[in-house]
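Structure, as structure tokens:
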Amino acid sequence: MDQHADQGPFSFHETAQFLRDRFPNSDDVEELLTRIEETIADAKGQMPRPNDVVALCNCHKPTIIAAIRRWFTEIRRNSAGDYERFARIIVSSGDSLITFNYDVSLEAQLKREGKWRLGDGYGFRIEGFEDHSPVRTLKLHGSVNWRFPVGSNGRPLIDSSEIAFLGFPGLSDPLYQRPIPDALGTMILPARCKQFFVETSLGPLHAQFWDGLWSQAAQALKQSTEVIICGYSLPDYDERAREMLLNENYSARIEICCGKDTDRIVEQMRNAGRNAHAAKETHFDGWLSQRLS
């Protein structure tokens with residue numbers, strides 16, 4: 001954040017310095033975000049709320065989200081050769097990709113291969129785009145290209161530049177009428193306590209949207225004959241994901257490709273009665289090469 005100039009209302013350097021001062025010794029991003037959420041929660045009953053908590057809610061947390069979006073925009077400039085091979089050769093029509101990644105590079109590659117459509121490829125309908133996507137990408141922690149207008153309780157909106165990156169140049173989301181700031185809610189931040197709704201003066205918003213995505217993911221598991229879990233550590237604090245992967249009613253054969261966490265996850269899956277085994281290659285690039293050999 002220190003390396004970037006201000007962007008609109010977001011002062012990255014100012015927020016970085018605030019976070020250092022307010023949350024010292026929080027170099028791990030999950031720990032930092034957890035401490036931020038706990039600070040906000042602890043102040044809910046205080047009237048008036050402390051000034052630093054007001055600043056955290058209204059200024060610095062939105063700036064963190066803007067910085068995350070900017071970081072993913074930067075890394076998408078890099079080559080995506082593994083994603084390209086995965087989308088072209090491995091993914092087939094009828095597959096569901098359940099992901100906790102905010103990045104959008106994979107969807108762009110799937111679109112190039114004719115396997116993904118914006119009209120319903122995210123698991124919700126976007127008017128004006130072709131639907132019946134051959135592959136669904138269910139992003140259960142959100143996406144950097146989604147925006148919720150303040151006060152809305154419907155689907156996320158996507159601006160034209162992001163739609164162009166996905167492979168639909170010249171087209172626009174009919175509901176995206178004006179620029180939408182980095183409002184909260186479209187990315188479930190990697191804090192230890194995840195909240196799939198946004199508290200507002202109008203009550204909680206977006207719970208129905210998130211429930212719908214998770215319900216589709218659970219249904220996809222039930223209908224699967226093979227499940228690949230790749231690059232995910234299945235941490236204890238991801239309670240909703242653990243409940244789905246360990247306890248949902250599905251019988252697919254499960255292959256685990258999760259680096260150093262592979263054996264631990266295989267054991268947890270087997271303890272839950274799953275037909276799980278470790279992949280021969282436990283990192284994505286190696287797993288992909290092995291599958292393609």
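Heavy-atom basis, side chains included; hydrogens, waters and symmetry copies ignored.
Side chains of Val144 and Trp71 form no contact here, defined as non-hydrogen atoms less than 4.5 Å apart. Using a 4.5 Å heavy-atom cutoff, the side chains of Arg291 and Glu281 are not in contact. Proximity of Ile163 to Phe129: side-chain heavy atoms (C-beta onward) are separated by under 4.5 Å at one or more points. Annotation: side chain of Asp42 is not in contact with side chain of Lys44 (no heavy-atom distance under 4.5 Å). Proximity of Phe10 to Arg70: side-chain heavy atoms (C-beta onward) are nowhere separated by under 4.5 Å. Side chains of Phe196 and His141 form a contact here, defined as non-hydrogen atoms less than 4.5 Å apart. Using a 4.5 Å heavy-atom cutoff, the side chains of Glu199 and Ile40 are not in contact. Looking at Met269 and Ile229, their side chains come closer than 4.5 Å, going by heavy atoms from C-beta outward.
For the residue pair Asp2 and Ala16, the shortest heavy atom distance occurs at OD1-CB, 3.6 Å. A pairwise comparison of heavy atoms in Tyr102 and Pro190 identifies OH-CD, 3.3 Å as the closest pair. The minimum heavy-atom distance between Phe12 and His4, with the atom names listed, is CD1-CB, 3.9 Å.
More than 12 heavy atoms of other residues, nucleotides or ligands sit less than 6.0 Å from atom CD of Gln290. The number of heavy atoms from other shown groups lying within 6.0 Å of CG (Asp21) is above 12. Under a cut-off of 6.0 angstrom, the local environment of CD in Gln208 is sparse, with at most 12 non-hydrogen atoms contributed by other residues, nucleotides or ligands. Gln3 CD: 12 or fewer foreign heavy atoms inside a 6.0 Å radius. The number of heavy-atom neighbours closer than 6.0 Å to NZ of Lys222, taken from other residues, nucleotides and ligands shown, is above 12. For Asn78, the CG atom is densely surrounded, since the number of other residues' heavy atoms within 6.0 Å is greater than 12.
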Salt bridge (charged side-chain N to carboxylate O under 4.0 Å, His left out) for Asp211 and Arg240? Distances and angles first, verdict last. CA-CA 11 Å; Asp211 288 348; Arg240 193 166 190 174; 2.8 Å; yes

Evaluate the side chain to side chain contact (heavy atoms under 4.5 Å, CB included) criterion for residues Ile126 and Leu175: first the C-alpha distance (whole Å), next the side-chain angles of each, then the deciding distance (0.1 Å), finally the verdict. CA-CA 9 Å; Ile126 298 181; Leu175 300 185; over 6 Å; no

Determine, stepwise, if the pair Lys61 / Glu37 fulfils salt bridge (charged side-chain N to carboxylate O under 4.0 Å, His left out). CA-CA 9 Å; Lys61 187 175 177 181; Glu37 299 290 3; 2.8 Å; yes

Could you walk me through whether Arg242 and Asp236 pass the salt bridge (charged side-chain N to carboxylate O under 4.0 Å, His left out) test, one step at a time? CA-CA 7 Å; Arg242 290 180 63 84; Asp236 290 341; 3.5 Å; yes

Any chance you could lay out the side chain to side chain contact (heavy atoms under 4.5 Å, CB included) test for Thr99 and Asn101, step after step, and finish with the verdict? CA-CA 5 Å; Thr99 180; Asn101 194 346; 3.3 Å; yes

Step-by-step side chain to side chain contact (heavy atoms under 4.5 Å, CB included) determination, Ser233 to Arg264: CA-CA 9 Å; Ser233 64; Arg264 172 181 58 82; 4.0 Å; yes

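Partners of Phe23 under the ring-ring contact (aromatic ring centres under 6.0 Å, His included) rule, at least two apart in sequence or in another chain, do not exist in this structure.
Residues Ile65 and Phe100 fall within the same hydrophobic cluster, defined by Ile, Leu, Val, Met, Phe, Trp and Tyr side chains chained together at heavy-atom separations under 4.5 Å. Under the 4.5 Å side-chain contact rule for hydrophobic residues, Ile98 and Met187 share a cluster. Connection of Ile36 to Val53 is not established within any shared hydrophobic cluster, with ILVMFWY side chains joined at heavy-atom distances below 4.5 Å, either directly or through further cluster members. Under a hydrophobic-cluster definition in which Ile, Leu, Val, Met, Phe, Trp and Tyr are linked whenever side-chain heavy atoms come within less than 4.5 Å, directly or via other members, Leu19 and Val54 are assigned to different clusters. Leu205 and Phe148 fall into different hydrophobic clusters, where Ile, Leu, Val, Met, Phe, Trp and Tyr side chains are chained together by heavy-atom contacts under 4.5 Å.
Between Glu30 and Arg192 no salt bridge is recorded (no basic side-chain N to carboxylate O distance below 4.0 Å). Classification of Arg147 and Asp159 as a salt-bridged pair fails, no side-chain N sitting under 4.0 Å from a carboxylate O. Ion pairing between a basic and an acidic side chain is recognised when a charged N comes within 4.0 Å of a carboxylate O; Lys194 and Asp238 show such pairing.
Note: Phe86 and Phe284 have perpendicular aromatic rings, judged against thresholds of 30 and 60 degrees for the angle between ring planes.
Taken from CZ in Arg117 to CG in Leu110, the straight-line distance is 12.5 Å, to the nearest 0.5 Å. If you take CZ on Arg69 and CD1 on Ile64, they are separated by 13.0 Å, rounding to the nearest 0.5 Å. Considering OG1 of Thr73 and CD1 of Ile68, their distance stands at 11.5 Å, rounded to 0.5 Å. Remark: Phe124 CZ to Lys139 NZ distance equals 9.5 Å, nearest 0.5 Å. The CD atom of Glu162 sits 10.0 Å away from atom CD of Glu107, with the distance rounded to the nearest 0.5 Å. The OG atom of Ser289 lies 7.0 Å from the CG atom of Asp82; values are rounded to the nearest 0.5 Å.
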Check residues 89-96 and write down every donor-acceptor pair under 3.5 Å in which the side-chain atom is one partner and the other belongs to a residue at least two apart or another chain.
residue: Asp95; atom: OD2; partner: Ser92; partner atom: N; Å: 2.8
residue: Ser96; atom: OG; partner: Arg136; partner atom: NH2; Å: 3.2

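When each of Tyr122, Trp146, Phe197 is checked for a ring pair (Phe, Tyr, Trp, His ring centres under 6.0 Å) with Phe209, only Trp146 meets the rule.
Remark: the Ser143 side chain and the Asn145 side chain contain an N/O donor-acceptor pair separated by less than 3.5 Å. Residues Gln46 and Arg49 have side chains that never bring a donor and an acceptor to within less than 3.5 angstrom of each other.
Identified under the ring-ring contact (aromatic ring centres under 6.0 Å, His included) test for residues 25-69, with sequence neighbours left out: Phe18-His60.
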